[in-house]
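Note: hydrogens, waters and symmetry copies are ignored here, and every other heavy atom, side chains too, is used. Owing to the predicted nature of the structure, the values given are computational and were not obtained by experimental measurement.
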Amino acid sequence: MGSVNTQASSSKVNNYIASHNIKHNAIKSSVWKGFPHYKYRHGKSKPEGVVIHETGNPSSTIYNEIAYMKKNYRNAFVHTFVDDDHIINIASTKYLCWGVGYPGNARFVQFEQVEMHSKKAFAGEVENAAYYAAYILKKYHLKPNDACYDGKGTVWSHQAVAHYLGGSDHTDPVGYYKNRGKRYFHQSYTMNQFYRLVLTNYGNL
């Protein structure tokens with residue numbers, strides 16, 4: 001684990017966020033009442049963690065994504081959308097959403113990241129995402145625990161859910177993080193590095 005932790009602590013993305021004093025945006029509540037209300041497996045307001053997604057759409061905006069999801073929620077929907085300048089909660093986190101299939105939907109709060117196209121925008125989005133993940137953990141009295149390496153914990157990528165729990169074959173946001181890290185910072189950004197950013201935000205709450 002030593003080399004992994006060293007890599008995480010030397011994340012160019014996380015260092016950029018810190019050195020440029022990039023701050024998260026406030027969470028905007030824009031809950032739509034059209035989404036169904038089903039309880040998590042342990043009951044209302046009892047999620048067991050948070051899942052990080054990215055949309056896989058290089059040309060959409062956060063408002064395009066939200067509008068599309070409202071029209072197509074019977075196929076899938078998430079609780080919240082994040083970009084570099086917004087954290088918009090559209091579905092009540094008291095109830096489950098449909099983002100990773102069975103059994104993960106009954107366990108996790110889930111949010112999507114819209115794809116960013118500049119160094120500063122990607123850093124801002126990642127900071128917003130880490131803050132929101134930390135906020136959800138605090139809100140529901142969950143301890144930070146990186147689930148991406150053993151399938152046990154509270155902070156999940158969609159890839160980790162698919163790998164350890166099934167119900168999906170998606171691998172996000174791993175490829176997106178790697179791509180943007182290499183493109184803008186000449187270093188792959190990893191879920192382990194993101195988890196370190198979640199810890200930083202959690203400690204500040």
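- H79 approaches S92 most closely through the heavy-atom pair CD2-O, 3.3 Å.
- Between F35 and F77, the two ring planes are parallel [angle under 30°; tilted spans 30° to 60°].
- Expressed to the nearest 0.5 Å, how far CD1 of I88 lies from CG of D83 amounts to 7.0 Å.
- Within the 4.5 Å cutoff, the side chain of M69 has heavy atoms near those of the V78 side chain.
- In the hydrophobic clustering of ILVMFWY residues, with side-chain heavy atoms under 4.5 Å counting as a link, Y16 and F194 come out together.
- Of all heavy-atom pairs between H170 and D172, the closest is CB-OD1, 3.3 Å.
- Atom OH in Y135 sits 9.0 Å away from atom OG1 in T80 (nearest 0.5 Å).
- The only option from L96, L142, I136, N89 that meets the side-chain contact (heavy atoms from CB on, under 4.5 Å) definition with V109 turns out to be I136.
- For K28, the NZ atom counts as loosely surrounded, since its 6.0 Å shell holds 12 or fewer non-hydrogen atoms of other residues, nucleotides or ligands.
- Under the 4.5 Å side-chain criterion, counting only non-hydrogen atoms from C-beta, Y195 is in contact with V155.
- Between P47 and T93, every side-chain heavy-atom pair lies at or beyond the 4.5 Å cut-off.
- With hydrophobic clusters built from ILVMFWY side chains whose heavy atoms lie under 4.5 angstrom apart, Y132 shares a cluster with V13.
- Using modelled atom types and a 3.5 Å distance limit, the side chains of N57 and S59 yield a donor-acceptor pair.
- Heavy-atom minimum distance, K143 versus Y202: CA-OH, 4.5 Å.
- The closest side-chain heavy-atom distance from Y164 to Q159 is not below 4.5 Å.
- Taking 4.5 Å as the limit, some side-chain heavy atom of I90 sits within range of a side-chain heavy atom of F81.
- A donor atom on one side chain and an acceptor atom on the other are not found under 3.5 Å apart for H24 and N128.
- In this structure, CD1 on I27 lies 13.5 Å from OG on S30, to the nearest 0.5 angstrom.
- If you check the side chains of Y131 and N204, you find no donor sitting under 3.5 Å from an acceptor.
- Atoms NE2 and NZ, from H186 and K12 in turn, are 7.0 Å apart once rounded to the nearest 0.5 Å.
- Between I22 and G124, the closest heavy-atom pair is CG2-CA, 4.0 Å.
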### Message
Apply ring pair (Phe, Tyr, Trp, His ring centres under 6.0 Å) to residues H86 and Y63 and explain how you reach the verdict.
### Response
CA-CA 10 Å; H86 304 88; Y63 294 108; 5.5 Å; yes

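- When the side chains of ILVMFWY residues are joined at heavy-atom separations under 4.5 Å, either directly or via intervening members, V51 and Y176 end up in two distinct hydrophobic clusters.
- Residues S188 and K182 approach most closely at OG-CE, 3.0 Å, considering heavy atoms.
- In this structure the side chain of M116 reaches within 4.5 angstrom of the side chain of V114, judged on heavy atoms.
- When side chains are defined from C-beta on, Y95 does not count as touching P36, because their heavy atoms never get closer than 4.5 Å.
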### Message
Working note: W98 + Q110, criterion side chain to side chain contact (heavy atoms under 4.5 Å, CB included); need CA distance, chi angles, decisive distance, verdict.
### Response
CA-CA 9 Å; W98 299 337; Q110 303 180 50; over 6 Å; no

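- A side-chain donor from one of S168 and H158 sits under 3.5 Å from a side-chain acceptor of the other.
- No more than 12 heavy atoms of other residues, nucleotides or ligands shown are found within 6.0 angstrom of NZ on K94.
- Clustering ILVMFWY residues whenever any of their side-chain heavy atoms sit less than 4.5 angstrom apart, transitively, puts V126 in the very cluster that holds V82.
- Side chains of S157 and I52 form no contact here, defined as non-hydrogen atoms less than 4.5 Å apart.
- Aromatic ring orientation, F122 versus F185: tilted (interplanar angle from 30° to 60°).
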### Task
With side-chain hydrogen bond (donor to acceptor under 3.5 Å, both in side chains) as the test, would you mind laying out the steps for N14 and Y189 before giving the verdict?
CA-CA 9 Å; N14 293 354; Y189 195 53; 2.7 Å; yes

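- One finds the CD1 atom of I66 at 13.0 Å from the NZ atom of K71 (value rounded to the nearest 0.5 Å).
- We find the CZ-OG1 distance between R196 and T190 to be 9.5 Å, quoted to the nearest 0.5 Å.
- Under a hydrophobic clustering in which Ile, Leu, Val, Met, Phe, Trp and Tyr are joined whenever their side-chain heavy atoms come within less than 4.5 Å, directly or via other members, L197 and Y177 fall into the same cluster.
- Classification of R180 and E125 as a salt-bridged pair fails, no side-chain N sitting under 4.0 Å from a carboxylate O.
- Side chains of E65 and S60: a donor-acceptor N/O pair is present below 3.5 angstrom, by distance only.
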